[in-house]
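Report on the following structure.
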2 protein chains.
Amino acid sequence: MTKAQNAQIIKDTRERILDAAELMFMQHGYDGTSMRTVTGEAGVNLAAANYHFGSKEALMQAVLRRRLDVINRERLRLLDEAEAKAGGKALKPSVIIDCFFGTLLRVAADQKAGGETFLRLLGRTSTDPSNFIRTFMSSEYADVLERYKQAMFLSLPDVPKAEIVWRFHFMLGATSYAIAGTDALQLVTDWQVDEASAAQDENLLPRLMSFLLGGLRAPLPKIETSIEQAASAPFVK
Amino acid sequence: MTKAQNAQIIKDTRERILDAAELMFMQHGYDGTSMRTVTGEAGVNLAAANYHFGSKEALMQAVLRRRLDVINRERLRLLDEAEAKAGGKALKPSVIIDCFFGTLLRVAADQKAGGETFLRLLGRTSTDPSNFIRTFMSSEYADVLERYKQAMFLSLPDVPKAEIVWRFHFMLGATSYAIAGTDALQLVTDWQVDEASAAQDENLLPRLMSFLLGGLRAPLPKIETSIEQAASAPFVK
DNA sequence: AAATAATTCAAACGTTCGTTTGAATTTTGA
DNA sequence: TCAAAATTCAAACGAACGTTTGAATTATTT
């Protein structure tokens, strides 16, 4: 077996560590996962992790970046494409929402292995209190979020920007929780104990999209301190 | 100063540990918080935590139970009250949602100290992968969730139960994420870096309630494998 | 006031953590 | 082919972890 063939079948150390870290971080969280657990799962020497990534924090960032770069690049590409097709006219909110949240679920489901694992890791990472994770995530998302925020503002010119941002925030939450697949409260008692269900459920996407769009289109709340009042634009769209 | 007076002003060791643990667990997560951090913040001896609570896991459970018991009892009481007032007729979904999610935000905001801290801890705990936390949370919520699920089923007799459960799941997610107040993606750039904003925002409740009800009332998705099809009841309520 | 129980305290237990080291081994490039 | 670079490896580092101990102190009961 040549070296090239071997490289195709046996993943190199760097990638094995990334795969193992993705799985362990998802199952036990960042602080709950040790470098020994990761390298043990990967079947490599303990020192290899620090050799290839420098530190545990840098390893976590590499795990997130590997998938997020692909997803966010696709998000930008699809939004560009949709705007080009619309030819100057404002996009429908449902199109924007699908470009953002639909892409996440589709790309992750498309990836051969680890796609579902990453989805669940991402869901759990979104509420992680660690400072270095928050800093990394915000810089990783900065461009995409700014782009989508502007698209939403153009799409819903009559809705106060603060309300749009809030609803986008709520949509992020519903999605993060859904893909985390924890169901800590065991609300869905039908799910298996091996908890492999939510993120890989093919019906998750249509169900989630319906819910998100419903929330986005809901009547605006009556906010006490706001100048722009719901009276002038009581409904989104 | 008598002993009774002293007990009112200077909280006893047990309560000081609970307060400190609530704050530290919220800021740094369960695994990211050490017993030394907790007892240091509380100003008590390290051994006091194990003396009063037995273990770190038991301490975490005591932190959660102290507030959740109050909130869930209130949730059951309000639902009983609403059903009694309705006199046999089915409740409106908005009433049920307000009893569940509104109570959470109101009770937590009402409590003198730690109310907002607990809200954010709860949001972050909801996606925690730790097994003992998940087990504890599911048993702590079992009664309330079963009660509310049945109320929702009665309130929306034409909607497939699976869809109701899914939407409740999405609502839990949006709420958890919102009260966690992390904003890891820095979507809301207006928020301060000290991140003290979301959970104590008095406008959060009306905004969240609008979004949740909109999502709940959204048109049902077209599910491929389902026998009960959206065609017969395409809209919730 | 004496005896008993509850609590606090400093110190230490053994374990696990992230990271580093320097030699051994493999891969690369001339 | 052979020196140089890259990688793997066993071993160890000091620090931090949850928990325990037994004596000292405080609070309660008799």
Side-chain angles (χ1 to χ4, degrees), chain A residues 1-25 27-64 128-133 136, chain B residues 1-25 27-64 128-133 136:
Chain A
M1 183 185 292
T2 71
K3 243 180 308 175
Q5 283 174 330
N6 192 54
Q8 283 180 340
I9 298 168
I10 308 288
K11 292 185 176 180
D12 65 357
T13 302
R14 220 188 117 87
E15 207 164 345
R16 292 171 60 97
I17 293 174
L18 283 175
D19 289 342
E22 186 172 70
L23 182 63
M24 295 295 99
F25 285 151
Q27 286 183 346
H28 310 111
Y30 175 78
D31 284 313
T33 300
S34 70
M35 296 293 260
R36 285 167 178 81
T37 303
V38 171
T39 52
E41 173 78 17
V44 303
N45 187 273
L46 167 62
N50 280 286
Y51 174 78
H52 284 282
F53 298 96
S55 68
K56 187 184 176 185
E57 290 194 358
L59 171 60
M60 175 62 154
Q61 292 174 356
V63 167
L64 295 173
D128 196 287
S130 302
N131 219 316
F132 87 93
I133 290 183
F136 171 80
Chain B
M1 183 185 290
T2 70
K3 245 180 306 178
Q5 282 175 329
N6 192 55
Q8 283 179 339
I9 297 169
I10 309 288
K11 292 185 175 180
D12 65 357
T13 302
R14 219 187 118 87
E15 206 163 347
R16 292 171 60 96
I17 293 174
L18 283 176
D19 289 342
E22 186 172 70
L23 182 63
M24 295 295 99
F25 285 152
Q27 287 183 345
H28 309 111
Y30 175 77
D31 282 314
T33 300
S34 71
M35 296 294 260
R36 286 166 177 82
T37 303
V38 170
T39 52
E41 173 76 18
V44 303
N45 187 271
L46 167 62
N50 280 287
Y51 174 79
H52 283 282
F53 298 95
S55 69
K56 187 184 175 185
E57 290 194 358
L59 171 59
M60 176 61 154
Q61 292 174 355
V63 167
L64 295 173
D128 197 286
S130 302
N131 218 317
F132 87 94
I133 290 183
F136 171 80

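Letters go in sequence order (proteins before strands), and every chain restarts at 1.
- Closest approach of B:Asp31 and B:Ser130 over heavy atoms only: OD2-OG, 4.3 Å.
- Taking only side-chain nitrogens and oxygens, B:His52 comes nearer than 4.0 Å to OP1 or OP2 of C:dT8.
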N/O donor to acceptor pairs below 3.5 angstrom from side-chain atoms of residues 46-55 of chain A, sequence neighbours left out:
residue, atom, partner, partner atom, Å
A:Ser55, OG, A:Ala58, N, 3.2

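- Summarising the geometry, atom OG1 belonging to B:Thr13 is positioned 11.0 Å from atom CG belonging to B:Leu18; distances are rounded to the nearest 0.5 Å.
- Distance A:Asn45 CG to D:dT8 C1': 6 Å, rounded to the nearest Å.
- Distance B:Phe132 CZ to D:dG18 C1': 13 Å, rounded to the nearest Å.
- We find that NZ of B:Lys11 is positioned 19 Å from P of C:dT7, with the value rounded to whole Å.
- A straight line from CZ of B:Phe53 to C1' of D:dT19 spans 16 Å, rounded to a whole angstrom.
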- Item | Test log, rule side-chain contact (heavy atoms from CB on, under 4.5 Å), inputs B:Gln61 and B:Phe132 | CA-CA 9 Å; B:Gln61 292 174 355; B:Phe132 87 94; 3.6 Å; yes
- Message: Using a 4.0 Å heavy-atom cut-off to protein, can you give one letter per nucleotide of nucleotides 12-22 of chain C, 5' to 3': B if the base is in contact, S if only the sugar-phosphate is, - if neither?
- Response: B----BBBBB-
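- At whole-Å resolution of the value, CZ in A:Arg14 and P in C:dT27 are 19 Å apart.
- With contacts defined as side-chain heavy-atom distances shorter than 4.5 Å, the pair B:Asp12/B:Glu15 qualifies.
- With hydrogens and angles disregarded, no donor-acceptor distance shorter than 3.5 Å links the side chain of B:Arg16 to the backbone of B:Lys11.
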